[in-house]
J.: 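Would you mind keeping the following structure in view while I ask a few things?
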Amino acid sequence: KAGVTQTPRYLIKTRGQQVTLSCSPISGHRSVSWYQQTPGQGLQFLFEYFSETQRNKGNFPGRFSGRQFSNSRSEMNVSTLELGDSALYLCASSLKGTGDTEAFFGQGTRLTVV
Amino acid sequence: GQSLEQPSEVTAVEGAIVQINCTYQTSGFYGLSWYQQHDGGAPTFLSYNALDGLEETGRFSSFLSRSDSYGYLLLQELQMKDSASYFCAVVLMNRDDKIIFGKGTRLHILP
C-alpha cells in the first residue's frame with residue numbers, strides 16, 4: 001500500500017510570492033492534516049481536512065490556507081511568503097482525523113524563502 | 001497555555017535502556033502519542049496511551065499518568081538505528097488547535 005506522498009520535496013521561493021504544496025494521502029484515508037516543522041518551534045499543527053471540509057485549524061495567520069479534493073488529495077497554499085515561513089511542511093493522513101491514534105506522515109516539502 | 005515539555009537531548013549506550021520523559025500542562029486530551037523521526041525523514045508513529053499505565057510494543061513501551069501530568073517513552077536493548085528525535089503529542093478535546101507536540105528529544109546512542 002502506497003504511503004503518503006508530498007510534492008514537491010524541495011522548493012525555493014522569494015519573499016512576497018505564494019506557494020502551493022500537495023499531499024496525496026494513503027488510499028482510503030479521508031483525513032489530511034498539515035504541520036509546519038522548524039528548529040525553533042518544533043512541529044505545529046496548521047489545519048485538518050476531512051471529506052473536503054476544514055475541521056480544525058491551528059494558530060496560523062490567514063496567509064496559510066488549504067483545501068481537499070473529492071479524492072482526498074489536499075493542497076496547502078501560503079500567500080505573501082515571509083522569511084519566517086521557511087520550514088519543513090508535513091502532511092499526515094489517517095482514517096478518522098486528528099483524534100485518531102495513528103497518523104501516517106509524508107516525507108515533507110522543504111520550503112526555503114529567500 | 002497548553003504545552004508539552006521534553007528534554008532536548010538524551011545520550012545512552014547501545015544495548016542499554018533509556019527513558020524519555022514528557023510532562024504536560026494541558027487539560028482535556030484524548031491520549032498521549034509518541035513519534036520517532038530520523039534526520040531527513042518523516043515522523044513515524046510509535047505508540048499511544050489513552051489510559052493511565054504502560055503500553056508495550058516490542059522494544060518500546062510508553063507510560064501515562066494523568067494525575068501526575070506525565071508520560072514517558074522507554075526504549076530497551078538500544079540499537080544504533082534508534083538514534084533519532086522522539087516527539088510526544090496530545091490530541092486536545094474541544095479545541096481548534098487540535099494537536100500539540102513537544103519540541104522533541106534528540107537521542108544519541110554511543111557504541
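The sequence lines fix the lettering, A, B, ..., with proteins before strands; numbering per chain opens at 1.
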J.: Between A:Arg55 and A:Phe50, is NZ or CZ placed under 6.0 angstrom from the six-membered ring centre and within 45° of the ring axis?
T.: yes
J.: Check for a donor-acceptor pair, side chain of A:Gln41 on one end and backbone N or O of A:Thr38 on the other, with a separation under 3.5 Å.
T.: no
J.: Could you tell me if A:Ser24 and A:Thr5 have a donor-acceptor pair between their side chains, going purely by distance under 3.5 Å?
T.: no
J.: Scan for salt bridge (Lys or Arg N to Asp or Glu O under 4.0 Å) pairs involving residues 99-111 of chain B, sequence neighbours excluded, and state none if there are none.
T.: B:Asp39-B:Arg106
J.: Under a 3.5 Å cutoff, is there a donor and acceptor pairing between the side chains of B:Asn49 and B:Ser62?
T.: yes
J.: Between B:Phe87 and chain A, with a heavy-atom cut-off of 4.5 Å, which part of the residue counts as in contact: side chain, backbone, both or neither?
T.: side chain
J.: Which residues from residues 62-83 of chain A are near chain B, with near meaning under 4.5 Å between non-hydrogen atoms?
T.: none
J.: For A:Gln6, is it the side chain, the backbone, both or neither that has a heavy atom under 4.5 Å from a heavy atom of chain B?
T.: neither
J.: Donor-acceptor pair, distance only, cut-off 3.5 Å: does the side chain of B:Gln6 make one with the backbone of B:Cys88?
T.: yes
J.: Is A:Leu90 close to chain B through its backbone or its side chain, or both, or neither, when contacts mean heavy atoms under 4.5 Å?
T.: side chain
J.: May I ask you to decide if B:Gln36's main-chain N or O and B:Thr44's side chain share a donor-acceptor pair within less than 3.5 Å?
T.: yes
J.: Would you sort out whether B:Asn21 and B:Gln19 count as a side chain to side chain donor-acceptor pair (under 3.5 Å), showing the intermediate values?
T.: CA-CA 6 Å; B:Asn21 297 324; B:Gln19 178 173 312; 2.8 Å; yes
J.: Name the option with the most non-hydrogen atom pairs under 4.5 Å to chain A; the candidates are B:Ala42, B:Ser85, B:Pro43.
T.: B:Pro43
